[in-house]
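Values below: every heavy atom of this structure, side chains too, minus hydrogens, waters and symmetry copies. Chain A is the first sequence line, chain B the second, and so forth, proteins listed ahead of strands; every chain is numbered from 1. This structure is a prediction, so every number in the text was calculated from the model and none was measured.
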2 protein chains.
Amino acid sequence: MPTVSSEELAAAAGVNSAKLRKDFSYLGSYGTRGVGYDVEYLVYQISRELGLTQDWPVVIVGIGNLGAALANYGGFASRGFRVAALIDADPALAGKPVAGIPVRHSDDLEKIIQDNGVSIGVIATPAGAAQQVCDRLVAAGVTSILNFAPTVLSVPDGVDVRKVDLSIELQILAFHEQRKAGEEAAADGAVPATAARKQSAGKGPDGDMPAVMPA
Amino acid sequence: MPTVSSEELAAAAGVNSAKLRKDFSYLGSYGTRGVGYDVEYLVYQISRELGLTQDWPVVIVGIGNLGAALANYGGFASRGFRVAALIDADPALAGKPVAGIPVRHSDDLEKIIQDNGVSIGVIATPAGAAQQVCDRLVAAGVTSILNFAPTVLSVPDGVDVRKVDLSIELQILAFHEQRKAGEEAAADGAVPATAARKQSAGKGPDGDMPAVMPA
DNA sequence: GGATGTGAACAATTTCACAGCC
DNA sequence: GGCTGTGAAATTGTTCACATCC
């Protein structure tokens with residue numbers, strides 16, 4: 001399939017074709033009127049804009065179950081990420097290979113960052129160690145941090161942090177699940193699934209109040 | 001701190017106080033004019049709206065590194081999630097405890113779902129097994145699926161799927177990292193960091209084109 | 001006096017619809 | 001004839017500002 005129309009792409013993505021064309025237009029005029037978009041050319045342009053064509057060395061700090069899962073994750077290489085090193089504070093792990101990469105001791109963290117020109121770090125340590133690891137990464141020159149530890153990290157200006165909370169997505173599913181159940185029960189006086197029910201929210205002892213309610 | 005004002009909450013969250021008040025107003029009229037919001041009452045109302053006050057039994061299928069990391073993840077219990085069972089296809093794992101919960105063989109998947117009234121399933125298997133596991137979960141009554149496998153799952157209407165791609169967040173960091181670098185280099189003719197550069201995007205052999213460009 | 005709750009004003013985003021080009 | 005690229009219209013989201021209530 002050498003070319004594709006905005007209509008086809010939009011249908012595949014579940015969005016409006018005008019939106020897709022307008023979004024693409026912000027990247028440049030990469031289509032041909034009457035024909036569509038050249039697939040290979042479009043893929044390259046989008047890849048470049050997203051930074052997929054660059055090589056990004058990253059370090060993963062904290063090689064527990066999650067760190068090991070990340071090290072084994074196949075999706076990184078295809079998006080331009082290269083795991084420059086795995087780092088853990090446990091001396092017993094040092095030298096052992098995980099996903100084919102030997103684990104290094106955290107004493108060498110600064111040297112590893114500098115030798116490899118790493119600007120992105122992944123923190124998969126327990127919560128208690130995360131801020132300290134973060135501080136060392138930043139001091140060594142890392143400017144973007146992906147944090148899996150259940151802590152809010154504080155960093156100086158100019159450093160980006162993104163926090164991944166593995167339970168947030170479950171939370172969202174549970175929210176929709178709750179609404180599904182609510183709709184089924186809507187006939188017998190249950191709270192409707194829409195957010196618009198402003199008037200019914202009296203604070204009295206009204207049955208939907210739990211023991212936790214303040215006096 | 002028994003009460004809190006929209007102003008204080010907004011400052012803490014980094015948003016406008018009017019937005020916060022308007023958002024809260026969609027849940028109901030839970031504040032007191034001249035006083036603010038009763039913290040404990042507000043926490044309960046938001047928790048209830050999000051489904052945090054319910055008990056959600058979940059199963060985790062695929063107990064590799066990622067499945068084990070999820071089983072050990074502390075954040076689930078506090079948000080109302082209860083790991084009803086860990087399931088894996090490897091007979092060697094069956095009976096072994098992970099995070100204190102014995103792993104069950106996937107032969108028992110349907111029975112486990114039904115005995116525990118599970119409506120939410122987590123898939124942490126390799127990509128090749130994910131669709132098959134998904135089909136079995138759905139057939140057994142699961143209506144929400146959190147998918148960590150790098151595959152797009154197809155499900156019947158009425159079933160929610162959320163896909164977590166661990167490399168997406170890295171991607172976002174790399175995107176911003178690229179822009180940081182671009183801004184530093186902006187003086188010497190590099191592509192500007194803003195998206196608005198429509199006119200310069202000629203298709204000719206213009207130096208920023210790679211070998212992958214179509215003929 | 002002080003802070004909510006909310007119409008109205010404003011801003012951003014999405015969609016329409018069609019001129020322009022292949 | 002077909003499909004992009006984009007002004008203009010429609011829709012959606014955010015902020016202002018103030019009447020209202022504790």
Side-chain angles (χ1 to χ4, degrees), chain A residues 1-46 48-49 172 175 191-206 209 213-215, chain B residues 1-46 48-50 172 175 191-204 206 209 213-215:
Chain A
M1 193 173 191
T3 66
V4 65
S5 70
S6 62
E7 203 68 57
E8 292 168 302
L9 280 175
V15 300
N16 181 293
S17 68
K19 179 178 197 313
L20 195 138
R21 287 201 300 282
K22 183 149 278 190
D23 284 359
F24 281 4
S25 79
Y26 290 120
L27 304 179
S29 216
Y30 296 144
T32 308
R33 291 167 195 228
V35 177
Y37 298 89
D38 183 291
V39 172
E40 204 175 353
Y41 184 68
L42 184 63
V43 165
Y44 166 70
Q45 289 297 347
I46 293 175
R48 187 176 51 80
E49 191 73 30
I172 295 169
F175 179 73
V191 172
T194 70
R197 56 191 174 76
K198 300 174 193 169
Q199 56 299 328
S200 68
K203 273 196 193 175
D206 57 8
M209 281 308 306
M213 184 181 92
Chain B
M1 194 173 191
T3 67
V4 65
S5 71
S6 62
E7 203 68 57
E8 291 168 301
L9 280 175
V15 298
N16 182 294
S17 68
K19 180 179 196 315
L20 195 137
R21 287 201 300 282
K22 183 149 278 192
D23 284 0
F24 281 5
S25 80
Y26 289 121
L27 304 177
S29 217
Y30 296 145
T32 306
R33 289 165 198 231
V35 178
Y37 297 91
D38 182 291
V39 172
E40 202 174 356
Y41 184 67
L42 184 63
V43 165
Y44 167 70
Q45 289 297 346
I46 293 175
R48 186 175 53 79
E49 191 74 30
L50 293 178
I172 295 169
F175 179 72
V191 172
T194 69
R197 52 189 177 77
K198 299 174 194 170
Q199 58 299 329
S200 68
K203 273 194 194 175
D206 57 9
M209 282 308 307
M213 187 181 91

Using the closest heavy atom to pick a nucleotide of DNA chain C for each, name whichever of A:Asn16 or A:Val35 lands nearer the 5' end. A:Asn16
Pick the closest DNA chain C nucleotide for A:Gly34 and for A:Val15 by heavy atoms, then say which residue is nearer the 5' end. A:Val15
So, does B:Ser6 get its side chain near the phosphate of C:dA3, meaning an N or O under 4.0 Å from OP1 or OP2? no
Which part of the nucleic acid, if any, lies within reach of A:Tyr37 when heavy atoms closer than 4.0 Å are counted: base, sugar-phosphate only, or nothing? sugar-phosphate
Expressed in angstrom and rounded to an integer, what is the separation of A:Leu42 atom CG from D:dT4 atom P? 11 Å
Over how many whole Å does the gap from B:Asp23 atom CG to D:dG13 atom C1' extend? 10 Å
Contact class for A:Ser17 vs. all strands (heavy atom < 4.0 Å): base, sugar-phosphate, or nothing? nothing
For B:Gly31 and B:Tyr37, the nearest pair of non-hydrogen atoms, with its separation, is CA-CD2, 3.4 Å
Taking atom types as they are modelled, would you say the side chain of A:Lys22 forms a donor-acceptor pair with the base of C:dT14 within the 3.5 Å cutoff? no
Any donor-acceptor pair under 3.5 Å joining the side chain of A:Arg21 to the base of D:dT4? no
Rounded to whole Å, please give me the gap between CZ in B:Phe24 and P in C:dG5. 10 Å
Report the distance from atom CD of B:Glu7 to atom C1' of D:dT15, rounded to the nearest whole Å. 12 Å
Indicate yes or no: at least one non-hydrogen side-chain atom of A:Thr32 is less than 4.5 angstrom from one of A:Asp38. no
Consider the side chain of B:Arg33, meaning its heavy atoms from C-beta on, and name the nucleotide among C:dT14, D:dT15, D:dC22 that approaches it most closely. D:dC22
Taking the six-membered ring for Trp, are the ring centroids of A:Phe24 and A:Tyr30 within less than 6.0 Å of each other? no
Just to verify, which of A:Val39, A:Val15, A:Val4 counts as forming a side chain to side chain contact (heavy atoms under 4.5 Å, CB included) with A:Leu9? A:Val4
What's the verdict on side-chain contact (heavy atoms from CB on, under 4.5 Å) for B:Ser17 and B:Arg21, showing C-alpha distance, side-chain angles and the deciding distance? CA-CA 6 Å; B:Ser17 68; B:Arg21 287 201 300 282; 3.4 Å; yes
Whole-Å gap separating C1' (C:dA12) and OH (A:Tyr26): 10 Å
Specify the separation, in whole Å, of atom NZ of A:Lys19 and atom C1' of D:dT6. 15 Å
Round to a whole Å and report the spacing from OH of B:Tyr30 to P of D:dC22. 18 Å
Would you say A:Thr32 places a side-chain N or O within less than 4.0 Å of OP1 or OP2 belonging to C:dC22? no
